[in-house]
Number of protein chains: 2
Amino acid sequence: MNTRKIEQLLRMNGIRPSHHRMKVYEYLIENRNHPNVDMIYRELIKDIPTLSKTTLYNTLDLFLQKGIVQLITINENEMRYDADTSVHGHFKCNTCGIIYDIRLREPLADFESLNNFQVSESHLYFRGICPACLVKA
Amino acid sequence: MNTRKIEQLLRMNGIRPSHHRMKVYEYLIENRNHPNVDMIYRELIKDIPTLSKTTLYNTLDLFLQKGIVQLITINENEMRYDADTSVHGHFKCNTCGIIYDIRLREPLADFESLNNFQVSESHLYFRGICPACLVKA
DNA sequence: GTATCTGCAAAACATTTGCAATTCT
DNA sequence: AGAATTGCAAATGTTTTGCAGATAC
């Protein structure tokens, strides 16, 4: 995705498109790997030598608030981020660690015991072994 | 649940029923509040003044390994535990913080894009506002 | 010139680890 | 005695906070 488009997307969502923010969002758009802060940091530090993790946390918090990114808690000890904010599932392979996206056939959140709840977020995830690792085993 | 029954349950699952372990499991069975380590600690320290959090972590890890407890990652920054190991959903109220159990109509894990995956764990959770807090608002 | 953004350093927490002391069989 | 269990103290690792300097409008 080109720089112009990223700038537009940020502005549209009420986010001032600073250089750092554009780079972070670009990373998330182009790497659908559900990264943690350190993965983003190690990649962007190449382009932006002065980058700090504080700025990444600030930026990602802002993206979460503005709703252009969602938080994935599939790993107990760290936050992972996903620029795809649609409701979809995730699968974490216990062998290789990769987190896959899982398409859903029908919408979540229509469970009877949720009747009187106001749902703002839905998360579905699985753990196990992915096809690639199953073949090797 | 009485002490005898708890002892049996632990033994059945290959866990030596030490006093600490029985108390931790009893807590989890009788308090379906999806507690974090600190909640368990603050309660049990009343009965067991020498209790340490290390022991709680050891015990809970053992319970997880033996499969008599499941881990809930609905709160980013902490582990929460549930003695109900059946597949069911959770709802966290953003206002009062309570985590509710959500019954599922049908089994999860039959999504088409999961075809070739070997699924060992399924988790579904929601966030939003619970009925009690909706009424107050 | 004022508000916003960035980043260093330190703090805050939850969790893990090393190891010694205790307990159980 | 020997193995399992417990717990203190320190380490680890991620995220948050306070604040100062830099940048943008």
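To find a chain, count down the sequence lines: A is the first, B the second, and so on, and within it residues start at 1.
- Considering only side-chain N and O atoms, B:His20 lies under 4.0 angstrom from the phosphate OP1 or OP2 of D:dG7.
- For A:Thr54 against C:dC8, a side-chain N or O and a base N or O form a donor-acceptor pair under 3.5 Å.
- Atom CG in B:Asp47 sits roughly 15 Å away from atom P in D:dT6 (whole-Å rounding).
- Side-chain nitrogen and oxygen atoms of A:Ser18 include at least one within less than 4.0 Å of the OP1 or OP2 phosphate oxygen of C:dT6.
- Summarising the geometry, the separation between CG on A:Leu60 and P on C:dC5 is reported as 15 Å, rounded to the nearest angstrom.
- With B:Asn31 contributing its side chain and B:Asn33 its backbone, the two residues share no donor-acceptor pair below 3.5 Å.
- Remark on DNA chain C: of its neighbouring residues B:Asn77 and B:Asn58, the 5'-side contact belongs to B:Asn77, judged by nearest-heavy-atom nucleotide.
- For B:Ile48 and C:dT22, the CD1 to P distance is 18 Å, given to the nearest whole Å.
- We find that CD of B:Gln65 is positioned 11 Å from P of C:dT16, with the value rounded to whole Å.
- Between A:Asn75 atom CG and C:dT15 atom C1' there is a gap of 15 Å when expressed in whole angstrom units.
- Regarding A:Met79, its CE atom lies at a distance of 13 Å from the C1' atom of D:dG13, rounded to whole Å.
- Distance from the side chain of B:Thr55 is smallest to D:dG7 among D:dG7, D:dT16, C:dG7.
- A:Thr59 places a side-chain N or O within 3.5 Å of a backbone atom of A:Thr55 that can act as its donor or acceptor partner.
- For B:Glu76 and D:dT15, the CD to C1' distance is 11 Å, given to the nearest whole Å.
- Between B:Tyr57 and C:dT16 there is no side-chain N or O to OP1 or OP2 distance below 4.0 Å.
- Nearest-nucleotide mapping onto DNA chain C: of B:Asn36 and A:Leu51, the residue sitting toward the 5' end is A:Leu51.
- Note on A:Asp101 versus A:Arg32: no salt bridge recorded, every NZ/NE/NH1/NH2 to OD/OE distance being 4.0 Å or above.
- Not one side-chain nitrogen or oxygen of B:Ser52 sits closer than 4.0 Å to the OP1 or OP2 atom of D:dC8.
- Ring geometry for A:Phe63 against A:Tyr25 counts as perpendicular: the plane angle is over 60°, on a 0 to 90° scale with 30° as the lower cut.
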Practice item. Begin with the C-alpha distance, continue with both residues' side-chain angles, and end with the deciding distance and a verdict on salt bridge (charged side-chain N to carboxylate O under 4.0 Å, His left out) for A:Arg127 and A:Glu76. Key: CA-CA 12 Å; A:Arg127 275 194 257 269; A:Glu76 302 84 17; 3.6 Å; yes
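- The side chain of A:Arg16 contributes no N or O atom lying less than 4.0 Å from OP1 or OP2 of C:dT4.
- Taking atom CG of residue A:Leu10 and atom C1' of nucleotide C:dT4, one finds them 16 Å apart after rounding to whole Å.
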